[in-house]
Amino acid sequence: MAGLDDDTPIPTALTLHRKSRVLEIAFGDEQQYSLPFEYLRVYSPSAEVRGHGAGQETLQVGKRDVELLDVEPVGHYAVKLVFSDGHDSGLYSWDYLHMLATQHDTLWQEYLDRLAAAGASRDPADNPPPAPKHGCGHKH
């Protein structure tokens with residue numbers, strides 16, 4: 001299972017900074033990272049975001065103002081992050097968090113490039129709500 005390899009760095013501290021909207025993660029004494037809430041949300045490991053296979057990813061838009069409400073431990077291998085937009089289905093294993101931390105600059109730029117290519121925005125007000133999935137929602 002992800003996060004249980006002998007090589008997986010285990011966090012020594014997770015600190016939620018609500019005012020600056022970052023999750024600070026320490027892997028030992030010398031590896032400390034500050035991951036913005038928005039970054040963690042748009043790179044959620046959930047099937048809702050990543051899909052069930054390559055090419056099924058869903059671009060997350062309008063997440064600039066998302067808050068991280070809670071960090072819940074999941075066994076000894078992951079945490080579940082609870083976001084203000086209701087998203088809470090991603091399990092962030094230690095190896096996934098370490099990858100997000102060490103590849104932050106590259107992944108963030110990839111996200112910004114995908115947003116630009118889609119003509120979408122990080123700002124909630126700039127993105128129209130999604131169309132209903134099944135009809136208009138009214139009974140006829």
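Not measured: the values here are computed from a predicted model. All values below were derived from every heavy atom in this structure, side-chain atoms included, with hydrogens, water molecules and symmetry-related copies excluded.
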Please determine whether side-chain contact (heavy atoms from CB on, under 4.5 Å) holds for the pair V79 and L97, giving the CA-CA distance in whole Å, both sets of side-chain angles, and the decisive distance to 0.1 Å.
CA-CA 9 Å; V79 288; L97 279 172; 4.0 Å; yes
What one should report as the nearest heavy-atom pair of R50 and Y96 is NH1-CE1, 3.8 Å
Those residues at least two apart in sequence (or on a different chain) that pass salt bridge (charged side-chain N to carboxylate O under 4.0 Å, His left out) with E48 are R41
Got a donor-acceptor contact below 3.5 angstrom from the T12 side chain to the A26 backbone?
yes
When you group the ILVMFWY residues by side-chain heavy-atom contacts below 4.5 Å and let the links chain together, are V42 and L59 in the same group?
yes
For L40 and Y92 the tightest heavy-atom approach is O-OH, 2.7 Å
Worksheet item: Do D7 and D95 come within less than 4.5 Å of each other through their side chains, counting heavy atoms only?
Response: no
Show me, pair by pair, the donor-acceptor contacts under 3.5 angstrom made by side chains of residues 107-120, not counting sequence neighbours?
unit_1: Q109; atom_1: NE2; unit_2: D113; atom_2: OD1; d: 2.8
unit_1: Y111; atom_1: OH; unit_2: Q60; atom_2: O; d: 2.6

Quick note, ring-ring contact (aromatic ring centres under 6.0 Å, His included) partners involving residues 29-51, not counting sequence neighbours, are Y39-Y43, Y39-H104
Here the pair of heavy atoms bringing P9 nearest to W94 is O-CB, 3.5 Å
All heavy atoms of S44 vs all of G90, minimum pair found to be OG-CA, 3.8 Å
Rounded to the nearest 0.5 angstrom, the CD-CD1 distance for Q31 and I25 is 11.5 Å
Sequence neighbours excluded, the answer for ring pair (Phe, Tyr, Trp, His ring centres under 6.0 Å) partners of H98 is F27
Taken in chain and number order and not counting sequence neighbours, the residues that satisfy salt bridge (charged side-chain N to carboxylate O under 4.0 Å, His left out) with E72 are K80
On a heavy-atom basis, the closest approach of Y77 and L91 is OH-CD1, 4.4 Å
Could you walk me through whether H87 and V49 pass the side-chain contact (heavy atoms from CB on, under 4.5 Å) check? CA-CA 10 Å; H87 183 74; V49 174; 4.3 Å; yes
Solution key, residues 14-23 side-chain donor-acceptor pairs under 3.5 Å, sequence neighbours excluded:
unit_1: H17; atom_1: NE2; unit_2: E24; atom_2: OE1; d: 3.3
unit_1: R18; atom_1: NH1; unit_2: L68; atom_2: O; d: 2.9
unit_1: R18; atom_1: NH1; unit_2: L69; atom_2: O; d: 3.4
unit_1: R18; atom_1: NH2; unit_2: L69; atom_2: O; d: 3.0
unit_1: R21; atom_1: NH1; unit_2: E67; atom_2: OE2; d: 3.3
unit_1: R21; atom_1: NH2; unit_2: R64; atom_2: O; d: 2.5

Between the CG atom in D70 and the OG atom in S84, the distance rounded to the nearest 0.5 Å is 12.5 Å
| said: For residues V71 and M99: do they belong to one hydrophobic cluster (side chain heavy atoms under 4.5 Å, members Ile, Leu, Val, Met, Phe, Trp, Tyr)? | reply: yes
Scanning both residues in full, the closest heavy-atom pair of S46 with S89 reads CB-OG, 3.4 Å
